[in-house]
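To start, the structure under review is shown below, and the notes come after it.
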Amino acid sequence: MAVLSEEQIMLRNMGVEWARDRASVTVLRQLYDGESVGQNPDIYAEMASMGWTGILIPESHGGSDFGALSLGLLLEQLGRTLLPSALWSSALVAATALKAGTEAQQARWLPGIADGSVIAALATPHGGFPVPNTPSITASIESDGWRLSGRVGPVPDGMLAHLFILSAETEKGTTLFLLPADSPGLSRRALAQIDARAPAILELDGVAIEAQGLLAGPENAAQILEHVLDCARVGLAAEMLGSATQAFETTLEYLKVRVQFDRLIGSFQALQHRAACMFQELELLRSAVESALAAIDAQDADLPAKASAAKALAGEILNAISNEMVQMHGGIGMTHEHDAGLYLKRARVADQLLGNAAYHRERWGRLRGF
Amino acid sequence: MAHAKTVEQREQIWSDDPTAFRAQAAEWIAANFPPQLKGCNPLIFQNDADAAAADADFELWRERVAAAGLGMPHWPRRYGGAGLTAEQADIIRLELAAAGAFNPMRSNGTMMLGPTLMEYGTEEQKLQHLPFIASHERRWCQGFSEPGAGSDLASLKTRAEDLGDHFLVNGQKIWTSGGDQADWCFCLVRTDNSRKQGGISFLLIDMKSPGVEARPIVLISGSTHFSEVFLSDVKVPKANLVGEVNQGWSIAKRLLTFERGGLTEGRGEAPSLAPLAREYVGADAEGRIADPDLRGRLIRNALRSEAYNLTLKRHAADAAAQQAGPIPISAIKNLGSGVAQERSELLIELLGWRGLGWEGEGYAFAELEATRAWLHSKAFSIYGGSYEVQNNITSKRVLGLPDQG
Ligand SMILES: Cc1cc2nc3c(=O)[nH]c(=O)nc-3n(C[C@H](O)[C@H](O)[C@H](O)COP(=O)(O)OP(=O)(O)OC[C@H]3O[C@@H](n4cnc5c(N)ncnc54)[C@H](O)[C@@H]3O)c2cc1C
């Protein structure tokens with residue numbers, strides 16, 4: 001289980017302090033106010049300067065190779081303040097995908113991801129969550145090489161990315177490509193989503209792939225993509241654990257200060273027991289998330305089931321707690337000025353991303369023989 | 001029930017090296033565990049001490065474990081343990097599970113009174129009782145609840161009068177598990193009427209004392225798991241007082257945390273219901289359980305059970321590494337009783353009419369057992385402090401919410 005090393009404890013404590021001092025919910029509010037798109041670039045640069053963007057990247061490519069559990073500890077802290085940033089997309093999802101690439105591909109892209117100068121994002125139909133009639137990209141071989149056309153999205157952090165890890169359908173099956181965002185024939189437009197992030201819809205019109213642009217062919221791309229998606233789900237579940245924990249703690253504080261009927265509302269048993277239930281659910285979620293993070297680092301063959309368990313519980317529990325957060329705050333919880341609504345909106349986006357709770361319960365059930 | 005130790009006391013030298021120790025433990029279990037007991041449900045023996053004593057294989061296993069001190073491996077040898085470390089005790093536990101074996105001593109004595117006496121007992125009391133708890137030769141019952149004192153345990157009324165060289169005890173206990181089979185009872189009694197919590201003492205009562213009468217009560221599951229215990233002018237020696245007079249409530253609270261800790265174990269470890277569901281409900285063309293709604297609920301329960309098991313492991317690992325505060329046992333108890341009760345409900349649901357049998361022909365033994373176990377599982381959220389009481393404790397102690405007005 002997730003017993004932490006001394007370095008990991010230091011890293012986590014650093015994350016707790018930094019999120020509190022530098023990355024409060026105010027940063028998210030800047031997005032709602034239109035002050036920045038997708039994330040605050042200065043905040044991202046700060047994270048990069050602390051080495052957080054290189055945690056999964058080998059030392060030979062400028063990272064610290066510190067493991068998924070370490071990165072997960074940070075994502076959890078950032079989830080507490082709902083920090084919008086490309087850390088998950090770039091440092092976790094894209095870095096994991098690139099590790100399947102050739103030495104030359106890694107040398108070209110990983111150092112930039114590690115130092116924060118390059119932001120990379122995964123573009124795959126509906127984030128790997130099959131929905132009928134989802135548009136996708138098709139790739140075909142022409143005389144001068146691969147040509148890609150079609151539409152894909154929403155791509156998380158798609159408006160921020162310099163590089164896309166893109167899955168496309170070829171005659172022989174799913175294939176993964178590396179596609180710089182400034183490639184001719186690629187255009188993107190932003191979706192205005194309830195959580196104020198910067199997801200994009202990508203349109204590709206006969207985009208040519210450069211010589212080094214094939215990441216994985218049909219022989220193993222589907223398998224690599226599934227592994228990348230599982231790591232992505234676990235990282236997202238860690239972020240959701242942080243959001244759910246903070247939503248709960250903020251609500252608990254309110255129960256201890258709000259007075260009605262001449263009593264603190266936290267003295268009403270009906271509310272106390274609902275608080276106790278939320279606390280219990282968080283216990284389950286933390287266990288599932290920590291065990292899934294450890295499974296990534298241990299290259300555990302059971303990762304798919306553990307990832308689904310973590311994502312299923314995260315979706316369900318964050319949704320439930322964010323609802324309770326609004327309800328237990330009463331009228332103030334309905335205002336944009338209060339944070340409750342921010343947690344509620346992010347909860348629904350995070351649940352849908354890469355498969356919602358129902359999808360992952362089903363997947364877990366299949367993997368466990370039901 | 002005094003048992004002659006028929007097994008010679010072989011001196012086992014345990015290795016300090018964890019790997020070597022693990023191998024030794026596995027070897028010891030392989031050499032001593034009666035294969036007939038493999039995979040059987042230890043709760044059957046735990047819930048019915050008379051049936052356990054009458055089972056020759058169980059008795060052999062119990063005597064061998066007792067002789068080696070492995071029932072309570074981390075207790076000192078003079079108290080009937082094996083003098084091993086907590087880590088070694090954990091290895092023994094894991095190796096027992098891996099071999100399909102179990103600890104035959106698990107009882108009120110090992111789960112509740114033993115650890116409490118370790119903290120509060122005098123050396124004399126420890127020597128008098130711990131070795132017989134470790135060997136399961138003395139069976140204990142818990143005399144806490146009374147007709148008027150359940151969740152509000154501190155309102156108990158059973159009186160203990162100080163008559164100089166002994167206490168004279170009068171009153172009634174109820175829901176006393178194993179009361180009709182127990183040799184001894186650890187009991188809460190009132191020694192001061194002027195204070196509620198502060199007027200309670202903790203006494204050890206020999207059930208063979210004149211004036212003690214246990215009358216079994218039949219449960220909804222048909223078993224006589226618990227009794228009413230009447231105490232009329234029972235003389236209890238002063239030496240049987242644990243701790244100080246009127247200190248009983250703190251001792252009881254400590255004991256209840258041990259009890260709840262014990263009640264969290266194993267709740268999520270029952271085998272998957274998927275094969276049974278396919279057998280009883282059928283499968284679709286793709287091999288999935290035919291009823292999609294039932295299947296969804298089975299998956300949900302199994303997933304939560306898995307997360308529950310991970311939660312126990314996480315807290316055990318954090319505690320061993322001293323990386324976390326106290327374990328929120330009240331919350332864990334409710335999670336554990338919840339997943340286990342849900343599973344029982346699902347099991348009888350999928351059995352259909354065959355999950356509704358009471359006894360006799362037309363039902364397989366396993367079907368009848370499942371039905372009885374379902375009925376018994378309703379107790380999980382009542383005993384050891386009810387679901388609601390655990391939520392009160394979580395609210396107040398873990399979450400720091402204000403007192404209910
Ligand atoms: C199978 C079994 C074995 C048992 N074994 C033993 C034993 O060996 N020794 C022993 O001493 N006792 C034993 N008990 C007794 C057990 O501890 C009590 O039943 C339990 O503490 C509840 O007390 P009660 O039955 O008086 O119910 P009550 O306290 O009357 O409770 C009735 C209902 O009211 C609720 N309630 C009570 N107070 C509150 C509150 N403040 N807030 C919200 N809800 C509340 C309860 O949760 C419950 O739902 C056993 C019980 C069972 C079922």
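A, B, ... follow the sequence lines: proteins, then strands. Residue 1 opens every chain. Quick caveat, the model's predicted, so the values are computed rather than measured. Computed from heavy atoms alone, side chains included, the values below leave out hydrogens, waters and symmetry copies.
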Between [X] and chain B, with a heavy-atom cut-off of 4.5 Å, which part of the residue counts as in contact: side chain, backbone, both or neither?
X        : value
A/Ala305 : neither
A/Arg263 : side chain
A/Ile9   : side chain
A/Leu313 : side chain

Item to complete: Among the options A/Gly365, A/Ala275, A/Gly266, pick out the one with the most heavy-atom pairs lying under 4.5 Å from chain B.
Response: A/Gly266

Worksheet item: Hey, are the side chains of B/Leu399 and A/Leu255 touching, using non-hydrogen atoms and a 4.5 Å cut-off?
Response: no

Fill in: Validation row: A/Phe279, B/Asn334 side chains within 4.5 angstrom (heavy atoms)
no

Discussion item. Using a strict threshold of under 4.0 Å (side-chain N to carboxylate O), is an ion pair present between B/Arg300 and A/Glu316?
Written reply: yes

Worksheet item: Between B/Glu306 and A/Lys306, is the closest basic N to carboxylate O distance under 4.0 Å?
Response: no

When you measure from the side chain of [X] to the backbone N and O of [Y], does any donor-acceptor pair fall under 3.5 Å?
X        : Y        : value
A/Arg361 : B/Gly296 : no
B/Gln323 : A/Leu4   : yes
B/Arg314 : A/Ala288 : no
A/Gln272 : B/Pro402 : yes

Practice prompt. With a 4.5 angstrom heavy-atom cut-off, could you sort out which part of B/Pro275 is near chain A: side chain, backbone, both or neither?
Written response: neither

Fill in: Derivation of the side chain to side chain donor-acceptor pair (under 3.5 Å) call for B/Asn391 and A/Gln280
CA-CA 10 Å; B/Asn391 275 345; A/Gln280 286 167 30; 3.1 Å; yes

